[in-house]
Protein chains: 2
Amino acid sequence: MAVSDKQTEERIFEAATDIFVEKGMDGARMQDIANRAGINKAMLHYYFRSKDHLFNAVFEKVAAKMFEKFSPVLDEELSLQDKIRFFYREHITFLQNNQQLPAFILNEINRNPERIKRLLKNLELDKLWMMILEKHGEELKDFNITPDLMPQIMVSIASLSVFPFAARGILEALFEKTNVDFDKFMEERKTFAADFVIRALKK
Amino acid sequence: MAVSDKQTEERIFEAATDIFVEKGMDGARMQDIANRAGINKAMLHYYFRSKDHLFNAVFEKVAAKMFEKFSPVLDEELSLQDKIRFFYREHITFLQNNQQLPAFILNEINRNPERIKRLLKNLELDKLWMMILEKHGEELKDFNITPDLMPQIMVSIASLSVFPFAARGILEALFEKTNVDFDKFMEERKTFAADFVIRALKK
DNA sequence: GTCTATAGAAGGATAGAC
DNA sequence: GTCTATCCTTCTATAGAC
(Lines give C-alpha, C1' and ligand atoms only; values in the text may rest on other atoms or scores of the structure.)
Protein backbone atom coordinates (compact mmCIF):
# COMPACT_ATOMS: atom_id res chain seq x y z
CA MET A 1 0.00 0.00 0.00
CA ALA A 2 1.37 3.35 -0.97
CA VAL A 3 0.05 5.06 2.13
CA SER A 4 1.35 2.64 4.74
CA ASP A 5 4.69 2.42 2.99
CA LYS A 6 5.35 6.07 3.62
CA GLN A 7 7.69 6.89 6.41
CA THR A 8 5.95 7.95 9.59
CA GLU A 9 7.39 11.43 9.62
CA GLU A 10 6.09 12.10 6.16
CA ARG A 11 2.66 10.73 7.00
CA ILE A 12 2.50 13.03 10.01
CA PHE A 13 3.59 16.00 7.96
CA GLU A 14 0.95 15.43 5.33
CA ALA A 15 -1.79 14.89 7.87
CA ALA A 16 -0.71 18.02 9.71
CA THR A 17 -0.77 20.01 6.48
CA ASP A 18 -4.35 18.94 5.79
CA ILE A 19 -5.56 19.70 9.30
CA PHE A 20 -3.72 23.00 9.76
CA VAL A 21 -4.79 24.32 6.38
CA GLU A 22 -8.38 23.35 7.09
CA LYS A 23 -8.66 24.48 10.71
CA GLY A 24 -5.84 26.96 11.20
CA MET A 25 -3.24 26.84 13.97
CA ASP A 26 -5.70 27.62 16.77
CA GLY A 27 -8.47 25.36 15.55
CA ALA A 28 -6.27 22.34 14.79
CA ARG A 29 -6.07 19.49 17.30
CA MET A 30 -3.07 17.23 17.69
CA GLN A 31 -5.48 14.33 18.15
CA ASP A 32 -7.06 15.06 14.74
CA ILE A 33 -3.66 15.09 13.10
CA ALA A 34 -2.72 11.80 14.75
CA ASN A 35 -6.01 10.25 13.67
CA ARG A 36 -5.58 11.35 10.09
CA ALA A 37 -2.01 10.04 10.04
CA GLY A 38 -3.24 6.76 11.50
CA ILE A 39 -0.98 6.81 14.55
CA ASN A 40 -1.06 8.10 18.12
CA LYS A 41 -0.41 11.53 19.51
CA ALA A 42 2.87 10.58 21.13
CA MET A 43 4.46 10.13 17.71
CA LEU A 44 3.73 13.71 16.76
CA HIS A 45 5.84 14.88 19.67
CA TYR A 46 8.48 12.29 19.00
CA TYR A 47 9.05 13.65 15.49
CA PHE A 48 8.17 17.32 15.88
CA ARG A 49 8.51 18.11 19.60
CA SER A 50 5.49 20.40 19.85
CA LYS A 51 2.43 21.67 18.04
CA ASP A 52 4.28 24.91 17.42
CA HIS A 53 7.21 23.18 15.74
CA LEU A 54 4.92 21.08 13.61
CA PHE A 55 2.91 24.10 12.56
CA ASN A 56 5.98 26.08 11.61
CA ALA A 57 7.27 23.23 9.48
CA VAL A 58 3.94 22.99 7.68
CA PHE A 59 3.54 26.72 7.24
CA GLU A 60 6.97 27.28 5.76
CA LYS A 61 6.50 24.47 3.26
CA VAL A 62 3.06 25.63 2.24
CA ALA A 63 3.96 29.32 2.00
CA ALA A 64 7.03 28.54 -0.09
CA LYS A 65 4.87 26.49 -2.43
CA MET A 66 2.58 29.47 -2.82
CA PHE A 67 5.22 32.12 -3.43
CA GLU A 68 7.38 30.16 -5.82
CA LYS A 69 4.42 30.04 -8.18
CA PHE A 70 4.86 33.73 -8.86
CA SER A 71 8.32 33.57 -10.33
CA PRO A 72 8.42 31.18 -13.33
CA VAL A 73 6.58 33.79 -15.35
CA LEU A 74 9.70 35.88 -15.38
CA ASP A 75 11.75 33.28 -17.19
CA GLU A 76 9.38 32.78 -20.08
CA GLU A 77 10.30 34.35 -23.38
CA LEU A 78 7.02 36.12 -23.94
CA SER A 79 5.76 39.59 -24.61
CA LEU A 80 4.42 41.50 -21.64
CA GLN A 81 0.85 40.81 -22.68
CA ASP A 82 1.46 37.13 -23.12
CA LYS A 83 3.21 36.98 -19.77
CA ILE A 84 0.11 38.35 -18.13
CA ARG A 85 -2.04 35.77 -19.89
CA PHE A 86 0.43 33.05 -19.01
CA PHE A 87 0.49 34.13 -15.39
CA TYR A 88 -3.27 33.95 -14.87
CA ARG A 89 -3.56 30.61 -16.64
CA GLU A 90 -0.86 29.06 -14.50
CA HIS A 91 -1.62 30.80 -11.24
CA ILE A 92 -5.36 30.21 -11.21
CA THR A 93 -4.81 26.60 -12.20
CA PHE A 94 -2.47 26.21 -9.26
CA LEU A 95 -5.01 27.80 -6.91
CA GLN A 96 -7.78 25.61 -8.29
CA ASN A 97 -5.74 22.69 -7.02
CA ASN A 98 -4.97 24.37 -3.69
CA GLN A 99 -8.13 26.27 -2.96
CA GLN A 100 -7.65 26.72 0.75
CA LEU A 101 -4.10 28.06 0.60
CA PRO A 102 -4.84 31.78 0.18
CA ALA A 103 -7.18 32.05 3.16
CA PHE A 104 -4.88 29.93 5.30
CA ILE A 105 -1.75 31.90 4.54
CA LEU A 106 -3.35 35.33 4.74
CA ASN A 107 -4.92 34.48 8.05
CA GLU A 108 -1.90 32.95 9.73
CA ILE A 109 0.28 35.83 8.63
CA ASN A 110 -2.04 38.32 10.23
CA ARG A 111 -1.91 36.34 13.45
CA ASN A 112 1.86 36.30 13.36
CA PRO A 113 3.42 38.88 11.01
CA GLU A 114 6.96 38.02 12.10
CA ARG A 115 6.74 34.64 10.47
CA ILE A 116 6.40 36.07 6.99
CA LYS A 117 9.32 38.39 7.41
CA ARG A 118 11.62 35.43 7.96
CA LEU A 119 10.24 33.74 4.87
CA LEU A 120 10.63 36.73 2.59
CA LYS A 121 14.00 37.85 3.81
CA ASN A 122 15.65 36.60 0.63
CA LEU A 123 13.23 38.09 -1.81
CA GLU A 124 14.50 41.29 -3.39
CA LEU A 125 11.39 42.72 -4.83
CA ASP A 126 12.80 45.98 -6.07
CA LYS A 127 15.36 44.16 -8.17
CA LEU A 128 12.64 41.93 -9.52
CA TRP A 129 10.69 44.94 -10.72
CA MET A 130 13.75 46.41 -12.33
CA MET A 131 14.35 43.15 -14.17
CA ILE A 132 10.84 43.22 -15.56
CA LEU A 133 11.11 46.84 -16.56
CA GLU A 134 14.44 46.31 -18.28
CA LYS A 135 13.45 43.12 -20.03
CA HIS A 136 10.42 44.76 -21.59
CA GLY A 137 11.96 48.17 -22.08
CA GLU A 138 10.82 48.69 -25.65
CA GLU A 139 7.28 47.50 -25.08
CA LEU A 140 6.74 49.84 -22.17
CA LYS A 141 5.95 52.88 -24.24
CA ASP A 142 2.61 51.28 -25.05
CA PHE A 143 1.78 50.77 -21.35
CA ASN A 144 1.03 52.87 -18.28
CA ILE A 145 3.86 51.24 -16.39
CA THR A 146 6.49 53.18 -14.49
CA PRO A 147 8.74 52.12 -11.61
CA ASP A 148 6.80 54.11 -9.04
CA LEU A 149 3.57 52.38 -10.06
CA MET A 150 4.98 48.87 -9.74
CA PRO A 151 3.70 48.25 -6.21
CA GLN A 152 0.15 49.22 -7.19
CA ILE A 153 0.31 47.20 -10.38
CA MET A 154 1.72 44.05 -8.84
CA VAL A 155 -0.75 44.08 -5.97
CA SER A 156 -3.59 44.61 -8.43
CA ILE A 157 -2.51 41.67 -10.56
CA ALA A 158 -2.26 39.38 -7.56
CA SER A 159 -5.57 40.61 -6.12
CA LEU A 160 -7.56 39.49 -9.11
CA SER A 161 -6.52 35.86 -8.86
CA VAL A 162 -5.94 35.37 -5.14
CA PHE A 163 -8.89 37.24 -3.68
CA PRO A 164 -11.68 35.14 -5.20
CA PHE A 165 -10.24 32.01 -3.58
CA ALA A 166 -9.77 33.73 -0.24
CA ALA A 167 -13.38 34.92 -0.48
CA ARG A 168 -14.78 31.71 -1.92
CA GLY A 169 -17.29 31.27 0.91
CA ILE A 170 -18.82 34.69 0.32
CA LEU A 171 -18.80 34.39 -3.44
CA GLU A 172 -20.53 31.04 -3.40
CA ALA A 173 -23.22 32.45 -1.14
CA LEU A 174 -23.66 35.44 -3.43
CA PHE A 175 -23.59 33.33 -6.58
CA GLU A 176 -26.10 30.85 -5.28
CA LYS A 177 -29.07 33.03 -6.15
CA THR A 178 -27.72 34.04 -9.51
CA ASN A 179 -26.92 30.58 -10.82
CA VAL A 180 -23.24 31.29 -11.19
CA ASP A 181 -20.97 28.32 -10.54
CA PHE A 182 -17.76 29.10 -8.69
CA ASP A 183 -15.63 26.61 -10.61
CA LYS A 184 -16.89 27.87 -13.94
CA PHE A 185 -16.35 31.42 -12.71
CA MET A 186 -12.69 30.73 -11.93
CA GLU A 187 -12.17 28.95 -15.22
CA GLU A 188 -13.44 31.99 -17.10
CA ARG A 189 -11.41 34.24 -14.86
CA LYS A 190 -8.17 32.96 -16.38
CA THR A 191 -8.86 34.99 -19.50
CA PHE A 192 -11.08 37.69 -18.00
CA ALA A 193 -8.45 38.81 -15.49
CA ALA A 194 -5.74 38.88 -18.15
CA ASP A 195 -7.86 40.98 -20.52
CA PHE A 196 -8.87 43.23 -17.64
CA VAL A 197 -5.30 43.94 -16.61
CA ILE A 198 -4.03 44.40 -20.14
CA ARG A 199 -6.73 46.96 -20.92
CA ALA A 200 -6.07 48.71 -17.63
CA LEU A 201 -2.37 49.00 -18.35
CA LYS A 202 -2.46 49.81 -22.04
CA LYS A 203 -2.14 53.39 -23.13
CA MET B 1 -16.41 58.37 32.70
CA ALA B 2 -17.79 57.49 29.33
CA VAL B 3 -16.49 53.96 29.52
CA SER B 4 -17.83 52.99 32.93
CA ASP B 5 -21.18 54.57 32.20
CA LYS B 6 -21.82 52.13 29.42
CA GLN B 7 -24.14 49.32 30.18
CA THR B 8 -22.41 46.07 30.93
CA GLU B 9 -23.81 44.20 27.98
CA GLU B 10 -22.53 46.82 25.60
CA ARG B 11 -19.11 46.82 27.23
CA ILE B 12 -18.92 43.07 26.84
CA PHE B 13 -20.00 43.26 23.23
CA GLU B 14 -17.37 45.82 22.36
CA ALA B 15 -14.63 43.94 24.16
CA ALA B 16 -15.69 40.73 22.45
CA THR B 17 -15.60 42.45 19.07
CA ASP B 18 -12.04 43.61 19.65
CA ILE B 19 -10.81 40.22 20.82
CA PHE B 20 -12.63 38.11 18.26
CA VAL B 21 -11.54 40.31 15.37
CA GLU B 22 -7.96 40.21 16.57
CA LYS B 23 -7.67 36.54 17.49
CA GLY B 24 -10.48 34.82 15.62
CA MET B 25 -13.07 32.51 17.14
CA ASP B 26 -10.63 29.72 17.96
CA GLY B 27 -7.88 31.96 19.28
CA ALA B 28 -10.10 34.17 21.43
CA ARG B 29 -10.33 33.49 25.17
CA MET B 30 -13.34 34.34 27.28
CA GLN B 31 -10.94 35.49 29.99
CA ASP B 32 -9.36 38.02 27.62
CA ILE B 33 -12.76 39.39 26.72
CA ALA B 34 -13.71 39.69 30.39
CA ASN B 35 -10.44 41.45 31.16
CA ARG B 36 -10.87 43.93 28.34
CA ALA B 37 -14.44 44.63 29.43
CA GLY B 38 -13.23 45.10 33.00
CA ILE B 39 -15.49 42.47 34.52
CA ASN B 40 -15.39 38.77 35.30
CA LYS B 41 -15.99 35.79 33.09
CA ALA B 42 -19.28 34.87 34.71
CA MET B 43 -20.90 38.00 33.32
CA LEU B 44 -20.16 36.95 29.77
CA HIS B 45 -22.24 33.85 30.27
CA TYR B 46 -24.92 35.76 32.13
CA TYR B 47 -25.47 38.03 29.13
CA PHE B 48 -24.58 35.79 26.21
CA ARG B 49 -24.91 32.19 27.48
CA SER B 50 -21.88 30.81 25.66
CA LYS B 51 -18.81 31.71 23.65
CA ASP B 52 -20.63 30.56 20.54
CA HIS B 53 -23.58 32.86 21.12
CA LEU B 54 -21.29 35.77 21.82
CA PHE B 55 -19.26 35.12 18.72
CA ASN B 56 -22.32 34.89 16.51
CA ALA B 57 -23.63 38.19 17.82
CA VAL B 58 -20.29 39.86 17.12
CA PHE B 59 -19.86 38.30 13.72
CA GLU B 60 -23.30 39.26 12.43
CA LYS B 61 -22.82 42.85 13.54
CA VAL B 62 -19.37 43.15 12.05
CA ALA B 63 -20.25 41.43 8.77
CA ALA B 64 -23.33 43.63 8.34
CA LYS B 65 -21.15 46.69 8.89
CA MET B 66 -18.86 45.48 6.15
CA PHE B 67 -21.49 44.63 3.57
CA GLU B 68 -23.64 47.69 3.99
CA LYS B 69 -20.67 49.77 2.89
CA PHE B 70 -21.09 48.44 -0.62
CA SER B 71 -24.56 49.79 -1.26
CA PRO B 72 -24.66 53.60 -0.74
CA VAL B 73 -22.81 54.00 -4.02
CA LEU B 74 -25.93 52.93 -5.85
CA ASP B 75 -27.99 55.82 -4.56
CA GLU B 76 -25.61 58.54 -5.62
CA GLU B 77 -26.51 60.56 -8.69
CA LEU B 78 -23.24 60.13 -10.46
CA SER B 79 -21.96 58.92 -13.77
CA LEU B 80 -20.63 55.37 -13.86
CA GLN B 81 -17.05 56.62 -13.81
CA ASP B 82 -17.67 58.90 -10.87
CA LYS B 83 -19.42 56.10 -9.01
CA ILE B 84 -16.33 53.99 -9.34
CA ARG B 85 -14.18 56.83 -8.04
CA PHE B 86 -16.66 57.50 -5.25
CA PHE B 87 -16.73 53.84 -4.29
CA TYR B 88 -12.98 53.47 -3.87
CA ARG B 89 -12.68 56.73 -1.93
CA GLU B 90 -15.39 55.69 0.50
CA HIS B 91 -14.64 52.02 0.69
CA ILE B 92 -10.90 52.28 1.22
CA THR B 93 -11.45 55.01 3.79
CA PHE B 94 -13.79 52.67 5.65
CA LEU B 95 -11.26 49.84 5.50
CA GLN B 96 -8.48 52.15 6.68
CA ASN B 97 -10.54 52.59 9.83
CA ASN B 98 -11.31 48.87 10.10
CA GLN B 99 -8.16 47.26 8.87
CA GLN B 100 -8.65 43.86 10.40
CA LEU B 101 -12.19 43.30 9.18
CA PRO B 102 -11.43 41.74 5.77
CA ALA B 103 -9.11 39.07 7.10
CA PHE B 104 -11.41 38.33 10.02
CA ILE B 105 -14.54 37.94 7.92
CA LEU B 106 -12.90 35.99 5.10
CA ASN B 107 -11.35 33.61 7.56
CA GLU B 108 -14.38 32.94 9.71
CA ILE B 109 -16.54 32.40 6.67
CA ASN B 110 -14.22 29.73 5.37
CA ARG B 111 -14.37 28.00 8.74
CA ASN B 112 -18.15 28.08 8.71
CA PRO B 113 -19.68 28.77 5.28
CA GLU B 114 -23.22 28.26 6.57
CA ARG B 115 -23.01 31.43 8.61
CA ILE B 116 -22.66 33.67 5.59
CA LYS B 117 -25.58 32.09 3.81
CA ARG B 118 -27.89 33.12 6.62
CA LEU B 119 -26.52 36.65 6.48
CA LEU B 120 -26.89 37.07 2.75
CA LYS B 121 -30.27 35.44 2.40
CA ASN B 122 -31.92 38.83 1.85
CA LEU B 123 -29.49 40.16 -0.70
CA GLU B 124 -30.76 39.90 -4.25
CA LEU B 125 -27.63 40.40 -6.21
CA ASP B 126 -29.03 39.74 -9.64
CA LYS B 127 -31.61 42.50 -9.20
CA LEU B 128 -28.87 44.81 -7.98
CA TRP B 129 -26.92 44.25 -11.18
CA MET B 130 -29.96 44.87 -13.27
CA MET B 131 -30.56 48.15 -11.45
CA ILE B 132 -27.05 49.28 -12.21
CA LEU B 133 -27.31 48.27 -15.84
CA GLU B 134 -30.65 50.01 -16.28
CA LYS B 135 -29.66 53.16 -14.44
CA HIS B 136 -26.62 53.64 -16.65
CA GLY B 137 -28.15 52.29 -19.83
CA GLU B 138 -27.01 55.08 -22.11
CA GLU B 139 -23.47 55.22 -20.79
CA LEU B 140 -22.93 51.52 -21.27
CA LYS B 141 -22.15 51.71 -24.95
CA ASP B 142 -18.79 53.22 -23.99
CA PHE B 143 -17.98 50.33 -21.65
CA ASN B 144 -17.23 46.62 -21.85
CA ILE B 145 -20.07 45.84 -19.47
CA THR B 146 -22.70 43.22 -20.15
CA PRO B 147 -24.95 41.30 -17.76
CA ASP B 148 -23.02 38.06 -18.13
CA LEU B 149 -19.78 39.84 -17.18
CA MET B 150 -21.20 41.39 -14.02
CA PRO B 151 -19.92 38.68 -11.65
CA GLN B 152 -16.39 39.01 -12.98
CA ILE B 153 -16.54 42.79 -12.91
CA MET B 154 -17.96 43.11 -9.41
CA VAL B 155 -15.49 40.64 -7.96
CA SER B 156 -12.65 42.46 -9.67
CA ILE B 157 -13.72 45.80 -8.25
CA ALA B 158 -13.97 44.42 -4.73
CA SER B 159 -10.67 42.54 -5.04
CA LEU B 160 -8.69 45.68 -5.63
CA SER B 161 -9.72 47.34 -2.38
CA VAL B 162 -10.32 44.41 -0.05
CA PHE B 163 -7.38 42.20 -0.89
CA PRO B 164 -4.58 44.58 0.15
CA PHE B 165 -6.03 44.80 3.64
CA ALA B 166 -6.51 41.06 3.91
CA ALA B 167 -2.90 40.65 2.77
CA ARG B 168 -1.49 43.54 4.79
CA GLY B 169 1.01 41.33 6.63
CA ILE B 170 2.54 40.07 3.39
CA LEU B 171 2.54 43.44 1.70
CA GLU B 172 4.27 45.13 4.59
CA ALA B 173 6.94 42.46 4.56
CA LEU B 174 7.40 42.89 0.82
CA PHE B 175 7.34 46.66 0.99
CA GLU B 176 9.84 46.82 3.80
CA LYS B 177 12.80 46.43 1.48
CA THR B 178 11.47 48.80 -1.12
CA ASN B 179 10.67 51.71 1.15
CA VAL B 180 6.99 51.67 0.37
CA ASP B 181 4.72 52.66 3.24
CA PHE B 182 1.50 50.68 3.51
CA ASP B 183 -0.63 53.62 4.65
CA LYS B 184 0.61 55.81 1.84
CA PHE B 185 0.10 52.92 -0.56
CA MET B 186 -3.56 52.62 0.43
CA GLU B 187 -4.08 56.34 0.24
CA GLU B 188 -2.80 56.38 -3.33
CA ARG B 189 -4.84 53.31 -4.09
CA LYS B 190 -8.08 55.27 -3.80
CA THR B 191 -7.35 56.90 -7.14
CA PHE B 192 -5.15 54.20 -8.67
CA ALA B 193 -7.78 51.49 -8.34
CA ALA B 194 -10.48 53.74 -9.78
CA ASP B 195 -8.35 54.66 -12.80
CA PHE B 196 -7.34 51.04 -13.24
CA VAL B 197 -10.91 49.79 -13.31
CA ILE B 198 -12.18 52.58 -15.54
CA ARG B 199 -9.47 51.93 -18.13
CA ALA B 200 -10.14 48.20 -17.92
CA LEU B 201 -13.85 48.67 -18.56
CA LYS B 202 -13.75 51.42 -21.18
CA LYS B 203 -14.07 50.51 -24.79
C1' DG C 1 -26.59 42.02 38.46
C1' DT C 2 -22.14 41.01 40.05
C1' DC C 3 -18.77 38.44 42.28
C1' DT C 4 -15.70 34.17 43.84
C1' DA C 5 -14.88 29.59 43.57
C1' DT C 6 -14.95 25.48 41.25
C1' DA C 7 -16.72 21.87 38.37
C1' DG C 8 -15.85 19.33 34.24
C1' DA C 9 -13.92 18.64 29.85
C1' DA C 10 -10.32 19.12 26.46
C1' DG C 11 -5.92 19.50 24.83
C1' DG C 12 -0.73 19.50 24.72
C1' DA C 13 2.92 17.10 26.41
C1' DT C 14 5.58 13.24 28.63
C1' DA C 15 6.84 8.80 31.17
C1' DG C 16 7.77 4.34 30.61
C1' DA C 17 6.81 -0.42 28.80
C1' DC C 18 7.68 -3.00 24.74
C1' DG D 1 10.12 3.63 16.88
C1' DT D 2 5.68 2.84 18.61
C1' DC D 3 2.29 2.24 21.97
C1' DT D 4 -0.77 3.12 26.40
C1' DA D 5 -1.57 5.62 30.27
C1' DT D 6 -1.46 9.75 32.55
C1' DC D 7 0.05 14.32 33.99
C1' DC D 8 -0.90 19.12 34.06
C1' DT D 9 -2.54 23.19 32.27
C1' DT D 10 -6.05 25.78 30.13
C1' DC D 11 -10.58 26.83 29.04
C1' DT D 12 -15.66 27.00 29.02
C1' DA D 13 -19.32 26.95 31.89
C1' DT D 14 -21.96 26.98 36.24
C1' DA D 15 -23.14 27.03 41.32
C1' DG D 16 -24.04 29.82 44.87
C1' DA D 17 -23.11 33.84 48.06
C1' DC D 18 -24.06 38.69 48.22
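Both backbone and side-chain heavy atoms feed into the values below; hydrogens, waters and symmetry mates do not.
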- Along nucleotides 13-18 of chain C, 5' to 3', which nucleotides get a B, which get an S, and which get a -, given that the test is a protein heavy-atom distance under 4.0 Å? BB----
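Not one side-chain nitrogen or oxygen of A:Arg29 sits closer than 4.0 Å to the OP1 or OP2 atom of C:dA10. Residue A:Asn40 has no polar side-chain atom (N or O) positioned under 4.0 Å from OP1 or OP2 of D:dT2.
With respect to the salt-bridge test (charged N to carboxylate O, under 4.0 angstrom), the residues B:Lys190 and B:Glu187 qualify. A salt bridge is defined here as a Lys NZ or Arg NE, NH1 or NH2 lying under 4.0 Å from an Asp or Glu carboxylate O, and B:Lys23 with B:Asp32 fails to meet this definition. With respect to the salt-bridge test (charged N to carboxylate O, under 4.0 angstrom), the residues B:Glu176 and A:Lys117 qualify.
The nearest whole Å value for the distance from the OH atom in B:Tyr47 to the C1' atom in C:dT2 is 9 Å. To the nearest angstrom, P of D:dC11 lies 16 Å from CG of B:Leu54. When the C1' atom of C:dG12 is taken as reference, atom CD1 of A:Ile12 falls 15 Å away, rounded to whole Å. If you measure from atom NE2 of A:His53 to atom P of C:dG12, you get 16 Å, rounded to the nearest angstrom. Taking atom CG of A:Asn35 as the reference point, atom C1' of C:dG11 lies 13 Å away to the nearest angstrom. Look at CE on B:Met43: it is 16 Å from P on D:dA15, rounded to the nearest Å. Distance CG (B:Leu44) to P (C:dC3): 11 Å, rounded to an integer number of Å.
Using a 4.0 Å heavy-atom criterion, one finds that A:Phe48 contacts no nucleic acid atom at all. Among the heavy atoms of the strands, none lies under 4.0 Å from B:Ala34.
For the helix from C:dG1-D:dC18 to C:dC18-D:dG1, the rotation axes defined at the first and last 5 base pairs enclose an angle of 10°, given to the nearest 10°.
Annotation: side-chain hydrogen bond (donor to acceptor under 3.5 Å, both in side chains) contacts of A:Glu10 (sequence neighbours excluded): none. Under the side-chain contact (heavy atoms from CB on, under 4.5 Å) criterion, A:Ser71 pairs with no residue, sequence neighbours left out. Legend: residues meeting side-chain hydrogen bond (donor to acceptor under 3.5 Å, both in side chains) with B:Arg36, ordered by chain and number and at least two apart, are B:Asp18.
No donor-acceptor contact under 3.5 angstrom links the side chains of A:Asn112 and A:Glu108, judged on distance only.
The stretch residues 145-199 of chain B participates, sequence neighbours left out, in these ring-ring contact (aromatic ring centres under 6.0 Å, His included) pairs: B:Phe165-B:Phe182, B:Phe175-B:Phe185, B:Phe192-B:Phe196.
Annotation: cation-pi pair A:Arg115/A:Phe59 present, NZ/CZ under 6.0 Å from the ring centroid and within 45° of its normal.
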